[in-house]
Colleague: 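Encoded as structure tokens, here's the structure I'll be asking about.
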Amino acid sequence: MVVFRFIAWLFIALAIAFLGADAVSSLQESEPVIRTTAEVLGYFNIDAEAVADGAPNGVSQALGTVFGLPLWAVFGILGVILTLIFRPID
């Protein structure tokens, strides 16, 4: 249980870090910069479009949607959901 709480808070911290990276890039470029999940996966030589196309139909559409979202939103949503699921019960 403690491990999942740690992972949840780690996801939230990563979301804040990626949001900060987008903010700094936006200040440098003088225009809004929002990196999608597919762009960040591309930095690691992972073709997000090929991954989505290789999945079954329903999963392919869901992956396409997730890969189009900003990475900070994906990590933030996962972190908040995991934090709510694995919160300590009094």
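The first residue in the sequence is number 1, and the count goes up from there. These numbers come from a predicted model, not from an experiment.
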Colleague: Just so I know, are the side chains of Val51 and Asp47 near enough to count as touching, which here means a heavy-atom distance under 4.5 Å?
Modeller: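 Side chain of Val51 against side chain of Asp47, heavy atoms only: no contact under 4.5 Å found.
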Colleague: Which distance, rounded to the nearest 0.5 Å, do you find between the OG1 of Thr37 and the CZ of Phe18?
Modeller: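 Thr37 atom OG1 to Phe18 atom CZ measures 9.0 Å (nearest 0.5 Å).
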Colleague: Applying a strict under-4.5 Å side-chain criterion to I, L, V, M, F, W and Y, I'd like to know whether Ile89 and Val80 cluster together.
Modeller: no
Colleague: State the CZ-CG distance between Phe75 and Leu69, to the nearest 0.5 angstrom.
Modeller: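 Between Phe75 CZ and Leu69 CG, I get 12.5 Å after rounding to 0.5 Å.
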Colleague: Nearest 0.5 Å please: distance from the CD1 atom of Ile7 over to the CG atom of Leu82.
Modeller: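 It comes to 8.0 Å.
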Colleague: Under the side-chain contact (heavy atoms from CB on, under 4.5 Å) test, which residues partner Ala55, sequence neighbours left out?
Modeller: Val59, Ser60, Leu63
Colleague: Are Ile85 and Phe11 co-members of a hydrophobic cluster defined by side-chain heavy atoms under 4.5 Å apart?
Modeller: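 They do share one cluster, since a chain of ILVMFWY contacts under 4.5 Å joins Phe11 to Ile85.
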Colleague: Do Ile81 and Val3 sit in one hydrophobic cluster, given that two such residues count as connected whenever their side-chain heavy atoms are within less than 4.5 Å of each other, even indirectly?
Modeller: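 In one cluster: yes.
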Colleague: Looking at Thr36 and Gly68, would you say the former's side chain and the latter's main chain have a donor-acceptor pair under 3.5 Å?
Modeller: no
Colleague: So, for Ala15 and Gly76, which heavy atoms are closest and what is the spacing to 0.1 Å?
Modeller: CB-N, 3.4 Å
Colleague: Please report the interatomic distance CD(Glu49) to CG(Leu41), rounded to the nearest 0.5 Å.
Modeller: 13.0 Å
Colleague: Report the distance from atom CE of Met1 to atom CZ of Phe86, rounding to the nearest 0.5 Å.
Modeller: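 These two atoms lie 6.5 Å from each other.
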Colleague: For a quick test of reading the model, state the closest non-hydrogen atom pair linking Arg5 to Arg87 and the distance between them.
Modeller: NH1-C, 4.3 Å
Colleague: Minimum heavy-atom separation for Ser25 to Arg35, with atom names?
Modeller: OG-NH2, 2.5 Å
Colleague: So how far is it from Leu19 CG to Ile16 CD1, rounded to the nearest 0.5 Å?
Modeller: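 Going from the CG atom of Leu19 to the CD1 atom of Ile16 covers 8.0 Å.
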Colleague: Taking the side chain as every heavy atom from C-beta outward, state whether Trp9 and Ile12 have any pair of such atoms under 4.5 Å apart.
Modeller: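 The answer is yes, as the side chains (C-beta and beyond) meet within the 4.5 Å cut-off.
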Colleague: If two hydrophobic side chains count as joined below 4.5 Å and joins carry through other members, does Ile34 share a cluster with Val24?
Modeller: no
